[in-house]
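Have a look at the structure below before the remarks.
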Amino acid sequence: MGISNFFKKHFTSQSNIIAAEEEEEESIATDYEDIRTATNRIIDETDYNKAESLNESDQLSRQRSDMLYEDRQRRIASFDPYSPLSIEISAEELTSTEKYFLKHISGQPVTNTTVPAYWFYEYSLDYPKIMSKLLSMRYLGIGGRENCMSKLTVPELKAVLSNFNLKISGKKSDLLNRISENITFSELEEYFINQPRFYYLTKLGEKAVSDLPESATKDIEFEDACLDCIMRGDVKTAYKLVCNREINKVIPRGLGTDWKFELKRGLPEYKSALFSAFQKTEINLPSELVSFERQFKACCIFSIMLGIPVDIIAKTFRRITETDESAITRAVLIRNLQKFQFAIMEDIQFQSINN
């Protein structure tokens with residue numbers, strides 16, 4: 001499916017998407033503060049900008065970090081995977097963000113599950129809700145380590161082989177192959193019987209993440225919508241999508257940036273003019289990048305809007321162009337992204353001073 005068609009299908013109205021998400025959140029009752037309310041409360045209670053000394057500021061900063069960590073852990077611990085929330089089974093495919101989370105949670109222990117903070121603050125993760133969804137829709141199962149052997153470390157795999165008097169030499173892939181060829185599933189079940197339970201991908205889950213590409217944002221729908229706008233010359237709409245995304249984060253990026261104001265104001269005219277001029281200007285690219293000039297320019301602009309480094313946006317360039325190291329080396333791609341991103345940023349800085 002082309003980026004343009006994808007945009008029409010998934011992003012006909014950003015406000016409709018936001019409204020649908022809010023309605024879905026309200027349909028599931030919880031006995032604790034939602035992540036946004038709790039986080040804002042903690043930030044307000046530990047406002048180190050009001051500290052009267054550097055020492056007090058440092059103490060409040062540490063207190064905030066501890067309180068946020070405790071709140072996240074409480075949300076994780078409050079979920080009982082054997083009694084998930086009542087979730088309406090949907091025929092719709094998982095979003096790309098849900099697929100990335102599914103891939104992350106696979107191989108995690110049922111108790112003491114590790115979930116990085118960005119899932120809560122950047123993606124507004126409702127842990128009980130998403131886990132209930134993945135379990136209820138049979139993307140995720142619970143079982144012993146025999147169900148997620150690829151998540152085991154090399155020493156753990158060697159311990160399994162040693163227990164069955166098999167060779168322990170070789171790379172991880174060799175160890176996994178040796179286990180699958182010589183040890184039955186029932187024997188592995190018996191071996192792991194007294195060990196903790198883990199989340200594992202079911203066949204449906206494996207299919208869902210099998211072709212999951214690398215992504216700059218773990219939100220392919222959002223990326224494609226923005227890139228479609230940029231490549232059509234509609235940089236202002238792309239910027240609005242970026243603003244909406246930041247508004248809907250629990251902790252937006254950009255210290256002190258008022259994203260609601262940014263959304264209302266829109267992309268400044270001088271930035272819009274610079275981006276448009278860059279898209280229309282013929283640039284000097286190495287031969288391997290010439291046929292992807294349109295996508296290359298779009299990724300440069302998109303990375304500036306998102307405020308992300310070129311090594312991250314390179315993942316999106318790889319995805320939309322379906323190129324690999326053999327077609328365009330990482331060094332060539334990164335060097336040119338840096339060159340043109342820097343040139344645009346210099347122009348933006350110059351224009352901002354004179355506007």
**Study point:** N284, CG: over 12 other non-hydrogen atoms inside 6.0 angstrom
**Key:** no
Exercise for review: With sequence neighbours excluded, tell me which residues meet ring-ring contact (aromatic ring centres under 6.0 Å, His included) with F302.
Suggested key: F222
Identify each donor-acceptor pair in which a side-chain atom of residues 98-105 lies under 3.5 Å from a protein atom, sequence neighbours left out, and give them as a table.
unit_1	atom_1	unit_2	atom_2	d
E98	OE1	T95	N	2.9
E98	OE1	T95	OG1	3.4
E98	OE1	K133	NZ	3.3
E98	OE2	K133	NZ	2.8
K99	NZ	E93	OE2	2.3
Y100	OH	P213	O	2.4
H104	NE2	T114	O	3.0

**Study point:** Shortest non-hydrogen contact from I35 toward T39
**Key:** O-OG1, 2.7 Å
Point to revise | Qualifying side-chain hydrogen bond (donor to acceptor under 3.5 Å, both in side chains) pairs with a residue from residues 293-315, counting only residues at least two apart or across chains | key: E293-K297, S303-Q341
Check your understanding: So, T153 versus E156: side-chain donor-acceptor pair below 3.5 Å or not?
Key -> yes
Review point. So Y127 and F79, would you call those rings parallel, tilted or perpendicular, with 30° and 60° as cut-offs?
Key: perpendicular
Practice item. Return yes if a side-chain donor-acceptor contact under 3.5 Å exists between E223 and S215, otherwise no. Key: yes
Check your understanding: What's the shortest heavy-atom distance between T237 and C229, and which atoms?
Key -> CG2-SG, 3.7 Å
Check your understanding: Backbone N or O of S173 within a donor-acceptor pair of the N177 side chain at under 3.5 Å?
Key -> yes
Practice item. Please name the pair of heavy atoms, one in K249 and one in R36, separated by the smallest distance, quoted to 0.1 Å. Key: O-NH1, 2.9 Å
Revision key, fill the gap. What one should report as the nearest heavy-atom pair of I168 and S162 is CG2-N, 4.0 Å
Exercise for review: Mark yes when over 12 heavy atoms from residues, nucleotides or ligands other than R41 sit less than 6.0 Å from its CZ; otherwise mark no.
Suggested key: yes
Practice item. Indicate the atoms forming the closest heavy-atom contact of D228 with R232, along with that distance. Key: OD2-NE, 2.7 Å
Practice item. Mind running side-chain hydrogen bond (donor to acceptor under 3.5 Å, both in side chains) on E187 and T184 for me, showing each step along the way? Key: CA-CA 5 Å; E187 287 175 324; T184 66; 3.2 Å; yes
Exercise for review: Count the heavy atoms belonging to other residues, nucleotides or ligands that lie under 6.0 Å from OH of Y118, then report whether that count exceeds 12.
Suggested key: yes
Review point. How about K167: does its NZ atom have over 12 heavy atoms from other parts shown lying under 6.0 Å from it?
Key: no
Point to revise | CZ/F164: more than 12 non-hydrogen atoms of other groups inside 6.0 Å | key: yes
Check your understanding: Hey, are K129 and D34 close enough for a salt bridge, meaning a charged N less than 4.0 Å from a carboxylate O?
Key -> no
**Study point:** R64 side chain to Q59 backbone, donor-acceptor under 3.5 Å
**Key:** no
**Study point:** Side-chain donor-acceptor contact under 3.5 Å, S326 with D324
**Key:** yes
Practice item. Give a yes-or-no answer on whether the side chains of R72 and Y121 include a donor-acceptor pair shorter than 3.5 Å. Key: yes
